[in-house]
Amino acid sequence: MSSGIPCLWMRGGTSKGGYFLASDLPADPDTRDALLCRIMGSPDPRQIDGLGGASPLTSKVAIVSPSAESGADVDYLFLQVFVDKAQVSHAQTCGNIIAGVGPFAIERGLVKAKVGETEVQIRNLNTAQIVRAVVQTPGGVVRYAGDTPIDGVPGTAAAVPLYFSGLAGSTCGALLPAGPPVSVIDGIEATLIDNGMPAVCLRASDVGATGRENPGELEANGDVRARIEAIRLAAGPMMNLGDVSASSVPKMVLVSEPRAGGLIATRCFIPHRAHESIGVLCAVSVATACLLPEGPASALAQRPEGRAPQVEIEHPSGSLPLALRLDDDGTVVEAGSVRTARKLFDGVVFG
């Protein structure tokens, strides 16, 4: 499009991407997705001809519109633009990018800012769930600067608390879509779980890893990657996801004993690249797996006490804190996480 498309580029949590009003993009999904691939520069491992950062974490899109749903202010559709393929997926959501949806909605006039802080109710179109975001708005203007750090992002910014509920089975139809908390795939025990993000949790040691590797070391280990991908392809149908060979879910999570006082240590594949940290909703699914009566994560976790435990999911860049609310059966029914967001530029992009 030679005239350009309005876009706000933002870091949300530990991810980065373009935020668009739905009304500014083509209504036809195929036309829209082709445009987004051109904007990001896909397919190309460097994304040299676009704005993508040559990583799945920096090749993301949020599409926002006013919501007609009772109890929601805006609708949010998350799209993952593949780096090395001309492919766009809505099979998953993103709990990091959503940290920027509230600020974006206020910036674009979809939500009127209050003095002090503004609550934005976000309907996630990927999962049909409502997420509550609290945006700092002193003087009725979004504040991005602040003193809150999050691991995986340098510096500090204003806190954006997020509250997720009703997550069980949001993509797969059940918290444990395969049935029991432990499935055996290729001789390896795994927990197939969906409490906000479809994830497969397995012991790092069972696939020839230690769980202490950095992402680059994991990506360079072809044997480990091949083993993980074989398990992922087998897990897809078991999780009601069908053939996942071209899908961005399920996420594959290698778990090991925590080493810094957290609930569990993780190394996450998304699904073919090793994550520099871990996604918020993937962390919720992993935390839920840790609280099950059995399973690889459950066996290795340092379990907290109480009905509203504060936990930390360890990852390569540090840890991701979660506040969990449990029901009488000990199942996670709500999760809170503090993220941050930063506006990088606001203007027009060209496809």
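Under the side chain to side chain donor-acceptor pair (under 3.5 Å) criterion, the residue pairs touching residues 231-242 are Glu229-Arg232, Arg232-His272, with sequence neighbours excluded.
Rounded to the nearest 0.5 angstrom, Ser183 OG and Leu202 CG are separated by 11.5 Å. Put simply, OG1 on Thr171 and CG on Asn195 are 10.5 Å apart, with the number rounded to the nearest 0.5 Å. A distance of 4.5 Å separates CG in Leu218 from CD in Glu213, rounded to the nearest 0.5 Å. Distance check: Leu192 CG to Ile185 CD1 gives 5.0 Å after rounding to the nearest 0.5 Å. Note that CD1 of Ile98 is 9.0 Å distant from CG of Asn126, once rounded to the nearest 0.5 Å.
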In a table with atom names and distances, give each donor-acceptor pair under 3.5 Å that connects a side chain of residues 147-170 to protein atoms at least two apart or in another chain.
from, atom 1, to, atom 2, distance (Å)
Asp151, OD2, Ser319, N, 2.7
Thr156, OG1, Gly146, O, 2.7
Ser170, OG, Leu167, O, 3.2

Per-pair distances, 0.1 Å, donor-acceptor, side chain in residues 249-256, under 3.5 Å, sequence neighbours excluded:
from, atom 1, to, atom 2, distance (Å)
Lys251, NZ, Gln92, OE1, 2.5
Lys251, NZ, Ser248, O, 2.8
Ser256, OG, Arg259, NH1, 3.4

Give every donor-acceptor pair under 3.5 Å between a side-chain atom in residues 74-83 and any protein atom, sequence neighbours left out.
from, atom 1, to, atom 2, distance (Å)
Asp75, OD1, Ser67, OG, 2.7
Asp75, OD1, Arg123, NE, 2.9
Asp75, OD1, Arg123, NH2, 3.4
Asp75, OD2, Arg123, NH2, 2.9
Tyr76, OH, Cys94, O, 3.1
Gln80, NE2, Pro56, O, 3.0
Gln80, NE2, Ser59, O, 3.2

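Looking at Ser285, its side chain does come within 3.5 Å of a backbone N or O of Met197 through a donor-acceptor pair. Side-chain N or O atoms of Thr266 include one that pairs as donor or acceptor with a backbone N or O of Glu314 at under 3.5 Å. In terms of modelled atom types and a separation under 3.5 Å, the side chain of Asp24 and the main chain of Ile5 share no donor-acceptor contact. A side-chain donor-acceptor contact under 3.5 Å links Arg11 to the backbone of Gly13. Remark: side-chain polar atoms of Tyr19 are paired, donor with acceptor, to backbone N or O of Ile97 under 3.5 angstrom.
Both Val135 and Val131 sit in one connected hydrophobic cluster of ILVMFWY residues. Membership requires side-chain heavy atoms under 4.5 Å apart, directly or through other members. When the side chains of ILVMFWY residues are joined at heavy-atom separations under 4.5 Å, either directly or via intervening members, Leu281 and Leu241 end up in a single hydrophobic cluster.
Using a 4.5 Å cut-off on side-chain heavy atoms (C-beta onward), Ile231 and Val207 make contact. Annotation: side chain of Tyr144 is in contact with side chain of Met10 (closest heavy-atom distance under 4.5 Å). Side-chain contact between Leu326 and Val332: present, with at least one pair of heavy atoms (C-beta onward) separated by less than 4.5 Å. The shortest side-chain heavy-atom distance between Gln47 and Ser42 falls under the 4.5 Å cut-off. Between Pro6 and Leu21 the shortest side-chain heavy-atom distance does not fall below 4.5 Å.
Annotation: Lys16, atom NZ; neighbour count of heavy atoms from other residues, nucleotides and ligands within 6.0 Å does not exceed 12. Atom NZ of Lys85 is surrounded by more than 12 heavy atoms from other residues, nucleotides or ligands within 6.0 Å. For Asp186, the CG atom counts as densely surrounded, since its 6.0 Å shell holds more than 12 non-hydrogen atoms of other residues, nucleotides or ligands. Under a cut-off of 6.0 angstrom, the local environment of CZ in Arg212 is sparse, with at most 12 non-hydrogen atoms contributed by other residues, nucleotides or ligands.
Looking only at atom types and distance, the side chain of Thr137 has a donor-acceptor partner in the side chain of Thr118 under 3.5 Å away. Side-chain contact annotation: Thr331 with Asp329, donor-acceptor N/O pair under 3.5 Å absent.
Remark: Arg108 engages Asp346 in a salt bridge, criterion side-chain N to carboxylate O under 4.0 Å. Using a cut-off of 4.0 Å between Lys/Arg side-chain N and Asp/Glu carboxylate O, Glu219 and Arg225 are scored as not salt-bridged.
With sequence neighbours excluded, no residue forms a side chain to side chain donor-acceptor pair (under 3.5 Å) with Asp73. The side chain to side chain donor-acceptor pair (under 3.5 Å) check on Asp327 picks up nothing, with sequence neighbours excluded.
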